[in-house]
Amino acid sequence: MTQPSRRLVILGATGTVGVQALELLKTSPALEVVALSAHTRQSELIDLAAPSGGRTFLTDDPQQNQGLLEFLRQGEYHICLNAVVGAAGLPYSEAVLKAGKDLALANKESMVLAGELLTKLAEKTGSTILPVDSEHSAIHQCLRGEQGNAIRNLYLTASGGALRDLQTDEFANVTPQQALAHPNWDMGPRITIDSATMMNKALEIIEACHLFALPAEQVQVLVHRQSVVHSMVEFADGSMLAQLGPPDMTYPIHYALYYPNRPSSNLPGFDAKLFAKLTFEEPDTQRFPALTLGWRAAKLGGAAGAVLNAADEIAVEAFLQQQIRFLDIYALCANALEQMPDLQANTIAQVQAADQWARQFTSRSIEKQIQAASGVSKS
Ligand code: MG
């Protein structure tokens, strides 16, 4: 047996992706886990860290969070899997790239909030950003060896989410339970709701623009119900490449952690015979208007991604708490983009300020809405 050669850090170890990564390493042990973080679930974190003996950081504790950032900046590792949920993941991504280390990025918010900053930083320090998002991993794989070849379009595939067959007039009464029932993927609650609104795809448009340095016009979306074609690239010569596989995050995690190698794994291949028919449809932006906000924010650039993401985080949380209705999620996000003041996004601090503005703006909008609904009026 060969000695572990690559030192790995896992952030968000108790989340869906973190747990899948650790599960994967049990049968594919060429990576040494040197540190793990979780936000609050301390006992789970300790259990997960036990087999490797890696250091643990509980980021809910300000001192330990500071310690984690310090650890990431020191760079005593080769690759970091950032599987933190939400905008909170950004400072870790920055610290990893500043240290010149490779970043396996499951925290898409890092790219949505500060894609331009982070890609520039990676270029400067020589880090590689490896997307751990099935669509972007697919595109990354399709683009290998294609440097310098022009791209016509990227096609991000979308399952359509839990509500893909709902009629327009049924959206008003969607419950959290309905929206959480994803047909193909097993994911955390926020991203599952984001799939139901298709906001997840909107954020993935922004993510793709940054990762692959393309304008919004060249990033298309196709509803693909079977979730086995993870995305496609159309080159200038009209040729298209697609990457296929079961809808299981373990594959993009494995790809990112071992890149540029493809070591053997116990993962089953993709049985094409099980899919006699693969379908691709134009997304319906009437029923899923949130999708349009992705192109909108990508075109606006600057702090628009941060604003859209923050508004959505707040709105989704309020929906899960049953404070607002399903259609309010889109309305609140669209309004935040509409009302966004001239916010800068040239530094991480500025991006965080934009994020804060959108959180406060959206929270206030929700409060006003709740007050109006309950008939309480403030004079
Ligand atoms: Mg995805």
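Just so you know, these numbers use all the heavy atoms, side chains as well, and skip hydrogens, waters and symmetry mates. Counting starts at 1 for both ligands and their atoms, in listed order. Please read all numbers here as calculations on a predicted model, not as lab measurements. We number each residue from 1, following the sequence as shown.
- To the nearest 0.5 Å, the span separating CZ on R359 from CG on N309 amounts to 7.0 Å.
- Between L11 and the choices L72, L36, T59, the side chain to side chain contact (heavy atoms under 4.5 Å, CB included) rule is met once, by L72.
- Closest N/O/S atom of E135 to the Mg ion (ligand 1): OE1.
- Just one of L332, D328, I324, I370 meets the side chain to side chain contact (heavy atoms under 4.5 Å, CB included) condition when paired with S365; it is L332.
- For the Mg ion (ligand 1), the nearest N, O or S atom contributed by D133 is named OD1.
- Counted within 6.0 Å of CD on Q177, heavy atoms from surrounding residues, nucleotides or ligands total 12 or fewer; the atom is thus considered open.
- Looking at E204, its N, O or S atom nearest to the Mg ion (ligand 1) turns out to be OE2.
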